[in-house]
Amino acid sequence: MAMWALLSGLRGDLTVYAAVQAELRRQRVDTLFVLGDLIGPEREANALLERLQQPRRGDLQPHCIYGWWEEQLLAERGFRGERRADALRQSGGEAAVAALLQAVDPGHMAWLASLQFGFVELDCALLHGSSTDVGDSLTADTAPLQLLDRLTRMEANRLFTARSGEQFCVELCGGGIESRLRDLEGERQQHQSVPSRKVIGVGSGLHYTLYDPGSDHIAFRRAGGPIHATGRGFV
């Protein structure tokens, strides 16, 4: 089974995307997932959006979902009902909202609005944030029970996330949850088995992740050279 490549956080940077695509051509990668934050307020994103929609010869076909920045733009442009980019307005002010609107031509809005929240492939959930919200930022320091909650909501054994921008792999080792239940028949103890599961941060920009679904092998990369990942396990 061929490998996947997962990246995020391009924020309109076509140069970064081109560098990652050039590197992927030299590797045994079959499928490319872009987990949101295609756009941002820092630069015009139109050239990148055009290449994502119309790949060049030799490019891997990108499978894209929307991220936090797309959600803010879609809300402000009226694609989310009465909602507006309140989270961005609160964190960056009107200047950030104006810059984001300026970064994307209206002609790309229909395509951005068509993007899905996430993908489920095999036993893997591929999301920008988590199963609860596109803005949910999971890291290597997120509490194990919170990570388990995000996994079980998707009924997945592997959750790939991008919101934090970090590269990490946290393994929740097989174990169980003990609980006590009290009802009219009295009190009894219950044991719920928890299979081994992983939450993987795919990185941002030049930092991307390779995953082999057949072997469950994860490799963190930076376009131009490999980097080391951080991770931790729980029992």
Side-chain angles (χ1 to χ4, degrees), residues 6-14 17 32-55 61-121 124-139 142-143 146-156 158-166 199-205:
L6 305 103
L7 66 148
S8 182
L10 295 169
R11 306 276 287 264
D13 198 328
L14 177 59
Y17 181 65
L32 171 62
F33 296 103
V34 185
L35 303 187
D37 280 0
L38 318 173
I39 64 173
E42 300 90 351
R43 61 183 63 83
E44 182 182 287
N46 298 304
L48 172 65
L49 294 176
E50 289 169 6
R51 184 159 173 178
L52 290 170
Q53 295 171 73
Q54 300 177 349
Q61 174 70 45
H63 302 278
C64 304
I65 62 175
Y66 68 85
W68 189 83
W69 285 105
E70 288 78 45
E71 179 74 355
Q72 296 304 302
L73 178 65
L74 290 166
E76 191 65 19
R77 289 286 193 189
F79 285 81
R80 294 293 190 260
E82 298 298 319
R83 294 167 51 197
R84 291 296 179 264
D86 295 330
L88 176 57
R89 193 168 272 109
Q90 183 177 1
S91 62
E94 291 295 340
V97 176
L100 184 63
L101 293 173
Q102 191 69 25
V104 180
D105 286 344
H108 294 297
M109 294 305 301
W111 181 74
L112 291 172
S114 73
L115 298 179
Q116 300 180 50
F117 177 77
F119 299 121
V120 176
E121 300 287 335
C124 303
L126 286 60
L127 306 170
H128 178 73
S130 79
S131 50
T132 62
D133 187 77
V134 70
D136 194 11
S137 183
L138 304 179
T139 72
T142 301
Q146 183 177 343
L147 296 177
L148 181 61
D149 171 75
R150 302 305 190 259
L151 280 158
T152 54
R153 286 171 183 261
M154 295 293 293
E155 298 183 352
R158 303 289 181 267
L159 169 59
F160 291 87
T161 178
R163 177 62 187 152
S164 71
E166 299 179 8
V199 177
I200 302 100
V202 304
S204 179

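The side-chain heavy atoms of Glu50 and His108, taken from C-beta on, include a pair separated by under 4.5 Å. By the 4.5 Å heavy-atom criterion applied to side chains, Leu73 and Phe79 are not counted as neighbours. A 4.5 Å side-chain heavy-atom check between Leu49 and Leu112 finds at least one atom pair inside the cut-off. You'll find the side chain of Asp136 reaches within 4.5 Å of the side chain of Leu138, heavy atoms only. Within the 4.5 Å cutoff, the side chain of Leu38 has no heavy atoms near those of the Tyr66 side chain. Between Arg163 and Leu127 there is no side-chain heavy-atom pair separated by less than 4.5 Å. In this structure the side chain of Leu6 never reaches within 4.5 angstrom of the side chain of Leu32, judged on heavy atoms. Using a 4.5 Å heavy-atom cutoff, the side chains of Pro41 and Trp69 are in contact.
Between the side chain of Ser8 and the main chain of Leu35, a donor-acceptor pair closer than 3.5 Å is present. A donor-acceptor pair under 3.5 Å links the side-chain atoms of Asp133 to the main chain of Gly135, judged by distance alone. With Glu44 contributing its side chain and Ala103 its backbone, the two residues share no donor-acceptor pair below 3.5 Å. Using a distance-only test at 3.5 Å, with no hydrogens or angles considered, no donor-acceptor pair links the side chain of Ser131 to the main chain of Arg153. Although no hydrogens or angles enter the test, the distance criterion places a donor-acceptor pair under 3.5 Å between the side chain of Thr161 and the main chain of Gly129.
The shortest non-hydrogen separation linking Val202 to Ala162 is CG2-CB, 3.7 Å. Between Leu7 and Tyr17 the shortest heavy-atom distance is CD1-CD1, 4.4 Å. In plain terms, the two heavy atoms of Leu88 and Gln72 that are nearest each other are N-OE1, 3.2 Å. In this structure, Gly118 and Ile65 approach most closely via the heavy-atom pair CA-CG2, 3.8 Å. Minimum interatomic distance between Leu14 and Arg51 (heavy atoms only, all atoms of both residues): CD1-CD, 3.7 Å. Residues Pro62 and Pro55 approach most closely at CD-CG, 3.8 Å, considering heavy atoms.
How far CD of Gln116 is from SG of Cys64: 11.0 Å, rounded to the nearest 0.5 Å. Once rounded to the nearest 0.5 Å, the distance linking CG of Asp149 with CE of Met154 reads 12.0 Å. Atom CG of Leu52 is separated from atom CG of Leu115 by 9.0 Å, given to the nearest 0.5 angstrom. Note that the CD atom of Glu94 and the CG atom of Leu101 stand 9.5 Å from one another [nearest 0.5 Å].
Using a cut-off of 4.0 Å between Lys/Arg side-chain N and Asp/Glu carboxylate O, Arg11 and Asp37 are scored as not salt-bridged. Here Arg77 does not pair with Glu70 in a salt bridge; the nearest charged N to carboxylate O distance is not below 4.0 Å. In summary, Arg83 and Glu76 do not engage in a salt bridge, as defined by a charged side-chain N under 4.0 Å from a carboxylate O.
A cation-pi arrangement is absent between Arg150 and Phe160 under the rule of less than 6.0 angstrom and at most 45 degrees off the ring axis.
A tilted orientation is assigned to the rings of His63 and Phe33, their planes being inclined by 30° to 60°.
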